[in-house]
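The structure under discussion appears below in the form of structure tokens.
Basis for what follows: all heavy atoms, side chains included, without hydrogens, waters or symmetry-related copies. Numbering of residues begins at 1 and proceeds along the displayed sequence.
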Amino acid sequence: MAVKPISVSQLNRYIARVIGTDPILCAAAVSGEISGLTRHSSGHWYFDLKDSNSRIRCFVAASRAARLRYEIENGMQVAVYGNVNVYEPGGY
């Protein structure tokens, strides 16, 4: 039985839908080290959260970043709370 190929957009949309309906991923708490922090001119923050074996890409919207009571820095050990999602146009 041959599998019919789907488009990249269809795959990313499917991944986003699956991730968006998982109860653990909709309210995740993860601890790790801040790495590769970038503060975009828009006010958004981008960074990796890593441990000794793995990393995950993170995004903090400008509206949320503006409400934080402290500045984050590379090398900080933190616990983050949020939802896991996929940016469909970029596939990450």
Check your understanding: Which atoms form the tightest heavy-atom contact between Asn85 and Ala16, and what is the distance?
Key -> OD1-CB, 4.4 Å

Point to revise | Linked, directly or transitively: Leu11 and Tyr87 (ILVMFWY side chains, under 4.5 Å) | key: no

Practice item. Please name the pair of heavy atoms, one in Ala65 and one in Gly43, separated by the smallest distance, quoted to 0.1 Å. Key: CB-O, 3.9 Å

Review point. Stepwise, does the side-chain contact (heavy atoms from CB on, under 4.5 Å) test hold for Trp45 with Leu68?
Key: CA-CA 12 Å; Trp45 295 353; Leu68 288 180; 3.3 Å; yes

Check your understanding: Roughly how far, to the nearest 0.5 Å, is the CD1 atom of Ile56 from the CG atom of Asp51?
Key -> 10.5 Å

Study note, to complete from the structure: Closest heavy-atom pair, Leu37 versus Glu73, reported as atoms and distance to 0.1 Å, is CD2-CA, 4.1 Å

Check your understanding: Near Arg64 CZ, under 6.0 Å, is it more than 12 heavy atoms from other residues, nucleotides or ligands?
Key -> no

Review point. Applying the 4.5 Å side-chain criterion to the ILVMFWY set and letting contacts propagate, would Leu25 and Ile15 be lumped into a single cluster?
Key: yes

Review point. Can you tell me how far the CG atom of Asn12 sits from the OG atom of Ser7, to the nearest 0.5 Å?
Key: 8.5 Å

Practice item. Verify the cluster assignment for Tyr14 and Ile19: are they in a single hydrophobic cluster under the rule of side-chain heavy atoms below 4.5 Å apart? Key: no

**Study point:** Flag if over 12 foreign heavy atoms under 6.0 Å of OH, Tyr46
**Key:** yes

Review point. Is a side-chain N or O of His44 found less than 3.5 angstrom from the main chain of Ala61, in a donor-acceptor match?
Key: no

**Study point:** Side-chain heavy-atom pair Tyr70, Ile72 within 4.5 angstrom cut-off
**Key:** yes

Review point. Is the count of non-hydrogen atoms from other residues, nucleotides or ligands lying under 6.0 Å from Ile6 atom CD1 greater than 12?
Key: yes

Review point. To the nearest 0.5 Å, how far apart are CD in Glu88 and OG in Ser9?
Key: 8.0 Å

Review point. Would Val78 and Val60 show up in the same hydrophobic cluster when neighbours are defined by side-chain heavy atoms closer than 4.5 Å?
Key: yes

Revision key, fill the gap. Taken to the nearest 0.5 Å, the spacing of Ser35 OG from Arg57 CZ works out to 9.0 Å

Revision key, fill the gap. When rounded to the nearest 0.5 Å, the distance separating CZ of Phe47 from CD of Glu33 is 12.0 Å

Revision key, fill the gap. Heavy-atom nearest pair, Ala62 first then Ser42, reads CB-O, 3.5 Å

